[in-house]
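The chain is numbered in sequence order, starting from 1. The structure displayed is predicted, hence computed values, not measured ones. Atoms within each ligand, like the ligands themselves, are counted from 1 in listed order.
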Amino acid sequence: MKKILSTTIVLGLIFISLSSKAQSNKCATMTILNERIEKDPAILLRMQQSEIETQKWISANRSAKKTQVLVSIPVVVHVLYNNPTQNISTAQIQSQIDILNDDFGLFNSDSLDNSHPFWQYTADTEIEFCLATRDPNGNATSGITRTYTDSLSFIGDGNEKYTATGGEDNWDPTKYLNIWVCDLSASGGTLGYAAFPSDLVSDPDEDGVVINYTAFGDIGTATAPNDLGRTGTHEVGHWLNLSHIWGDTICGDDFVADTEIAEDANYGCPTFPHNANSTCGSGVNGEMYMNYMDYVDDYCMVMFTFDQGTRMQSALNGDRAGLLTSLGCSSPSTINEVLLENTFNIYPNPSNGNFIINAQLTKNENVSITLYNLVGAKIQQFDNVNNYPFLMSLNDLPNGSYFIKFNSGNNTITKKVFVSK
Ligand SMILES: [Zn+2]
């Protein structure tokens, strides 16, 4: 919950939140940030400047309800192993990429029911991920590096990020999301940690996300209760400038307007409503403990909000804008073709039944738009759609999930939408 919009107060709150005691070792992002700020106070100043730019972008774009452009982020996974178990399978790596796409795209099968009071805030962030297919030199890649390390376990001090200290140097962090997967058991229980966007310019070699190999993906070495890949979702949320839902201090601020204020971190899986009408000011529905940026168990965290999505889009239009022009998700041999594909965006989503569709058409091809229900039955089809924005009214449909398929030439794109009246 964003409590106050005043820039001065916002900056004060950043300082307060960074001064608070770390709540847990589960995610070490803020602990590590605090340690770095103690050594170099200029980091805090850069965060404050970045926050001013973030708030400017959000106020300009949120009020205008502009279409968010679907962004594909290329991911390189650096596997660091001291024994064969830590050298996790490609299938396990792909499972984490799939989970990121499910969670950021609201394709997760465990999302809130549309009768839940917080369903109205649940969002498709318009952010997707691919295992990189093109490396920084333009060559084909699997998007995975595998490095034997003498280190029995890393402690979360950054050694994972450098070849010289038993890790692996990151790829150009302005063009790729670097994820290191390694043994973090010596760190005291840390599942992962991330660098914030405001660190990118000053500490590019440190940019990326580190995740314990037992909390990565949902197969292989993934271990309950951290075995649904939500550590990845949470840490990539930080990497795209999201804070913890409780603002890392009692009744703190996460600079997001539509997340309920939370008193503190939540663990396990509380019962809804949790901590309703708290002294912090949570409403009758209590805290949004099921948000990916809380500390609940993997199976319990199921949502990002619209304003969290906007904040992440702000990062992609600010400190992380280099990703918008990355070719990392393109195949080296077919780059020109890939860049010429048509793209489509739908907003708002969920909606009361009126969806607006925008397109970036790079090919002059007839576009057909077809609506399907969840079991694949065709409900409605529009052919030769060539005027955008295109309004698609689904007012007569019952609440629930639907698929919209776009066909243009050989290009087919399917998106999930939600009707919630
Ligand atoms: Zn965290």
Side-chain angles (χ1 to χ4, degrees), residues 1 13-14 16-37 43 47 50-51 96 99-100 103-104 125 127 154-158 160 177-182 184 187-199 206-212 214-216 225-250 252-256 259-269 287-305 307-309 311-312 315 320:
M1 169 70 77
L13 286 169
I14 288 179
I16 290 168
S17 66
L18 296 183
S19 303
S20 69
K21 191 174 180 298
Q23 304 283 329
S24 160
N25 286 324
K26 185 171 180 179
C27 160
T29 297
M30 299 306 290
T31 310
I32 290 170
L33 179 62
N34 283 335
E35 289 169 357
R36 292 179 57 235
I37 288 173
I43 292 171
M47 288 194 78
S50 175
E51 188 60 30
Q96 181 65 67
I99 289 161
L100 291 175
D103 290 351
F104 281 77
T125 67
I127 297 168
F154 291 91
I155 60 172
D157 60 356
E160 313 89 350
L177 163 58
N178 287 267
I179 300 179
W180 291 268
V181 184
C182 58
L184 285 174
S187 66
T190 294
L191 302 180
Y193 69 100
F196 282 102
S198 56
D199 289 337
E206 296 277 330
D207 188 70
V209 167
V210 181
I211 298 176
N212 195 337
T214 60
F216 189 78
N226 311 304
D227 56 346
L228 294 180
R230 260 64 194 259
T231 300
T233 302
H234 177 106
E235 296 303 338
V236 174
H238 283 313
W239 186 77
L240 290 169
N241 213 23
L242 295 188
S243 298
H244 289 139
I245 205 90
W246 68 99
D248 291 280
T249 191
I250 300 299
D253 191 353
D254 63 355
F255 314 111
V256 171
T259 50
E260 283 291 336
I261 194 163
E263 186 173 336
D264 207 342
N266 292 300
Y267 296 88
C269 194
E287 300 179 0
M288 195 180 278
Y289 61 84
M290 68 294 289
N291 194 285
Y292 294 125
M293 299 315 291
D294 207 330
Y295 268 5
V296 294
D297 289 341
D298 273 15
Y299 75 90
C300 191
M301 51 171 66
V302 298
M303 67 178 290
F304 285 122
T305 66
D307 288 331
Q308 285 178 316
R311 186 173 173 84
M312 290 192 277
R320 297 211 182 279

Taking the side chain as every heavy atom from C-beta outward, state whether [X] and [Y] have any pair of such atoms under 4.5 Å apart.
| X | Y | value |
| --- | --- | --- |
| E260 | N291 | no |
| I211 | L191 | no |
| E235 | C27 | yes |
| F255 | N241 | no |

Can you count the protein N, O or S atoms that lie less than 2.8 Å from the Zn ion (ligand 1)?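 Atoms of protein N, O or S type lying less than 2.8 Å from the Zn ion (ligand 1) total 4.
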Please round to the nearest 0.5 Å and tell me the distance separating atom OG1 of T29 and atom NE2 of H234.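 So the gap between those two atoms works out to 6.0 Å.
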Please lay out, stage by stage, how W246 and N266 fare under the test side-chain hydrogen bond (donor to acceptor under 3.5 Å, both in side chains). CA-CA 9 Å; W246 68 99; N266 292 300; over 6 Å; no
